[in-house]
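Here is the structure we will look at, set down as structure tokens.
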Amino acid sequence: MCQQRLGRISLRGYYVFLFLLFFILNAWVGRGTLVVLPSLSLLFMLVALSGYAFLYVLLVAALGWLLGNLPGRSVQAVGVVVLAALMTMLLLVDGQIYAIYGFHINGFVWNLITTPGGIESMGGSAGTSWTVAAICVAVLLIHGVVLYVLRSRSVPRLGLLVSLLVLCMVGERAAYGVSHLKGYRPVLMAAQSIPFYLPTTFRRVAEKWGITMVRSTRLEADAKGRLNYPKEPLRVSADAPRPNLLVLVAESLRWDMLTPEIMPNLWRFSAQHGIRFTQHYSGGNGTRMGLFSLFYGLPGNYWFSVLDERKPPLLMQQLQQAGYHMGLYTSANFSYPEFDKTLFVSVPEKDMLSDDVGPGWQRDRRNVERLLDFLGEQKVGMPFMGFMFFESAHARYYFPDESVIRKDYLPEMNYATMDLKADMPGIFRRYVNASHHLDQQLGRVLGFMKASGKLDNTIVVVTGDHGEEFMENGRWGHNSEFHNEQIHVPLVLAFPGNVPGVVTRPTSHLDVVPTLLPMLGVQNPASDYSVGHSLLGPQGDAYRLVASWDALAYVGPDYKVAMPLGAGGLLEMRISDAHDGPVSEPDTVLAQLSEALADVLRDLSAFFRK
């Protein structure tokens with residue numbers, strides 16, 4: 001490393017400190033991977049951690065060199081310390097995100113930060129904000145003190161060390177490229193735990209030299225393009241019925257909350273008036289893809305094209321063309337995810353109301369009052385579509401005192417200081433209480449529908465946008481993995497003339513639109529507008545598709561296969577059994593699923609123009 005001076009102050013010792021700090025922080029982020037790697041992959045990861053730590057130091061040193069040309073040594077010192085502190089905080093934040101959710105700071109996180117309503121959707125508290133601010137100040141002060149202490153320390157020249165680190169960077173690039181070419185899974189998986197890792201591949205060089213790339217462990221699923229949705233214009237019968245439609249969606253509501261104890265109102269409603277689907281999966285492990293699949297009947301990879309083209313779902317178009325009165329309410333924001341530009345892009349703004357003030361349970365109560373007013377205003381003969389998105393069950397799992405059925409809950413959640421292992425039982429009890437409060441609000445709406453007689457001519461859909469995990473498989477929350485806890489949700493469907501019952505066969509959010517549109521008189525086969533099937537017809541051995549921001553999972557009766565969706569997604573397919581357990585021979589499983597996965601690829605491109 002070159003020697004920088006602030007007058008008579010050397011930065012060489014500070015740069016050595018930064019290298020050790022960044023190496024330790026990188027290792028801390030990937031600590032879960034380090035302890036399970038085989039020896040060769042462990043060596044790769046240690047070399048990669050060293051190379052990336054050195055790269056971060058070079059960035060700081062480059063700034064120091066540029067500022068060193070300015071008059072006054074304080075400018076250089078402040079600039080170097082501030083950049084080093086920012087990089088330290090970035091690694092700390094990335095480590096916390098990776099520990100909880102299983103992904104690094106990526107395009108999804110950037111979308112969360114930059115989209116209106118994104119930060120609010122995380123449910124942070126004032127205590128968390130103050131803690132993060134205090135940590136930032138502490139990190140900045142520590143860097144300043146270290147620089148001051150090391151300002152005159154004698155450090156030998158580091159030419160040999162720098163040369164070794166450059167070799168580490170080159171060697172790591174080569175090792176990853178060869179592993180990618182040969183499909184060597186341990187190295188590829190190890191790289192995923194390194195913050196901000198940029199993979200290097202030799203695919204074009206290999207093709208030029210006639211080297212065959214091993215493809216058995218990777219499935220390409222980069223499906224984007226111009227929409228061809230629907231494939232054929234909708235054909236609607238002249239005497240199409242116009243039943244009312246009421247869609248009630250709860251944030252983070254997983255299937256095992258629907259019990260007589262936790263959600264007695266919805267349980268009673270399903271037993272008396274609806275059909276309860278016990279093996280129902282969302283089309284996403286997050287709100288964006290979950291609701292997208294519910295309203296479009298399409299896999300999540302279509303989200304980006306739909307957003308670009310501002311294409312409304314056929315369900316909403318059909319309701320509007322039939323003259324339905326709209327009343328849409330959310331206790332979050334219609335702008336995050338961008339439902340005002342996708343699901344409800346064709347709905348007038350006056351028919352949409354967001355309430356994001358105060359705890360989620362208070363927002364839900366206010367919005368239920370608004371929804372009840374809307375329902376009460378509807379006249380006989382004028383069909384309506386009501387929608388409400390409930391926030392109670394979202395972290396930090398809000399509820400009032402009268403909704404407590406699990407008393408030993410964690411009283412306060414601070415994301416910056418929580419101990420996931422020690423605090424998780426108390427956090428889960430918060431979730432149960434919040435789900436009970438949610439049921440109390442659902443009971444108000446469903447009770448009104450029954451008492452007013454409107455239930456006799458209304459289709460009612462009650463479900464969750466996705467599930468929620470509480471470290472059952474090493475993660476907390478959602479948006480991170482395709483574990484059952486994150487994607488298995490309740491579904492209750494009621495419609496005029498249905499016979500109450502329980503359906504135990506596998507179903508999906510992708511099946512809801514193919515169920516609703518025929519009830520509105522649409523005569524097209526479901527394949528014209530969806531990859532799903534009617535909930536009321538035979539499903540056979542149909543698989544389910546679940547998407548995240550950058551990946552998609554095939555969920556079959558025996559296995560799950562998660563695959564990347566374009567650049568920035570998962571670098572390797574992840575294969576597990578249907579209960580999220582490991583499989584001993586993943587390539588054998590892939591061979592068994594080859595026909596099903598070929599069908600998946602067709603689903604991912606079926607509604608793009610050829």
Side-chain angles (χ1 to χ4, degrees), residues 96-113 115 117-124 249-258 280-294 299-300 303 330-333 336-339 360 389-398 413 415 418 420 423-424 427-428 430-432 434-435 438 463-491 508-510 544-553 555 560 562 565 569-570 574 576 579-580:
Q96 191 74 345
I97 291 174
Y98 188 73
I100 295 174
Y101 302 112
F103 55 78
H104 299 287
I105 296 174
N106 57 13
F108 168 74
V109 177
W110 179 250
N111 176 264
L112 180 77
I113 295 171
T115 305
I119 295 297
E120 291 83 352
S121 72
M122 293 298 292
V249 182
E251 170 71 54
S252 304
L253 183 64
R254 71 187 209 179
W255 87 102
D256 56 356
M257 292 297 99
L258 183 48
H280 188 80
Y281 279 51
S282 173
N285 62 3
T287 301
R288 173 183 283 101
M289 300 309 181
L291 279 176
F292 177 80
S293 63
L294 183 71
W303 161 269
T330 178
S331 297
N333 287 277
Y336 186 84
E338 300 92 334
F339 295 143
F389 186 70
F390 295 80
E391 190 75 1
S392 289
H394 189 280
R396 297 176 281 128
Y397 317 117
Y398 310 94
M413 286 175 54
Y415 289 114
M418 67 174 54
L420 289 179
D423 293 339
M424 198 51 58
I427 293 174
F428 180 74
R430 288 183 66 97
Y431 177 68
V432 171
S435 298
L438 165 68
T463 189
D465 58 346
H466 53 78
E468 192 82 339
E469 185 174 347
F470 293 88
M471 303 300 289
E472 290 91 347
N473 297 284
R475 300 297 180 204
W476 172 41
H478 53 275
N479 264 321
S480 58
E481 303 284 354
F482 296 110
H483 299 151
N484 286 343
E485 288 78 10
Q486 296 193 37
I487 62 178
H488 191 177
V489 297
L491 173 68
S508 164
H509 273 7
L510 297 166
R544 291 162 286 185
L545 296 177
V546 186
S548 67
W549 174 267
D550 54 14
L552 182 135
V555 180
K560 291 181 185 177
L565 282 175
L570 299 174
R574 297 182 178 180
S576 66
H579 304 289
D580 302 311

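Computed from a prediction, not measured in an experiment: that's the story for all the values here.
Between Ile487 and Gly284 the shortest heavy-atom distance is CG2-O, 4.2 Å. Contact between Ala434 and Ala393 at its shortest, heavy atoms only, is CB-CA, 4.1 Å. Of all the heavy atoms in Gly286 and Asn479, the pair that sits closest is CA-OD1, 3.4 Å. Across all non-hydrogen atoms, the minimal contact from Ser282 to Gly290 is OG-CA, 3.4 Å. The two residues Leu258 and Pro490 have their closest heavy-atom pair at CD2-CB, 3.9 Å. Closest heavy-atom contact between Leu552 and Gly300: CD1-N, 4.5 Å.
With respect to the salt-bridge test (charged N to carboxylate O, under 4.0 angstrom), the residues Arg475 and Glu469 do not qualify.
Between the Asp580 side chain and the Asn484 main chain, a donor and an acceptor come within less than 3.5 Å of each other. In this structure, His509 contributes its side chain and Met289 its backbone to no donor-acceptor pair below 3.5 Å. Of the possible donor and acceptor atoms, one in the side chain of Lys560 sits under 3.5 Å from a partner among the backbone N and O of Phe482.
Contact of the Phe339 side chain with the Leu291 side chain is registered, since non-hydrogen atoms from C-beta on lie closer than 4.5 Å. For the pair Glu481 and Asn285, the minimum side-chain heavy-atom distance is 4.5 Å or more. Side-chain atoms of Leu545 and Leu510, non-hydrogen and from C-beta on, do get closer than 4.5 Å to each other. In this structure, the side chains of Arg430 and Phe428 stay at 4.5 Å or more apart for every pair of heavy atoms.
Take Tyr431 and apply the side-chain hydrogen bond (donor to acceptor under 3.5 Å, both in side chains) test, not counting sequence neighbours, and it matches no residue. In this view, Asp256 and Arg254 satisfy the side chain to side chain contact (heavy atoms under 4.5 Å, CB included) rule, not counting sequence neighbours. For Ser331, the side chain to side chain contact (heavy atoms under 4.5 Å, CB included) criterion is met by Arg363, Asp364, Asn367, Met388, Glu391, not counting sequence neighbours. Every residue two or more places apart in sequence or in another chain that forms a side-chain hydrogen bond (donor to acceptor under 3.5 Å, both in side chains) with Glu485 is listed here: Asn473. For His488, the side chain to side chain contact (heavy atoms under 4.5 Å, CB included) test picks out Trp255, Gln279, Tyr281, with sequence neighbours left out. The side-chain hydrogen bond (donor to acceptor under 3.5 Å, both in side chains) test applied to Thr287 returns Glu251, Asp465, His466, not counting sequence neighbours.
Side chains of Gln486 and His478: no donor on one and acceptor on the other come within 3.5 Å.
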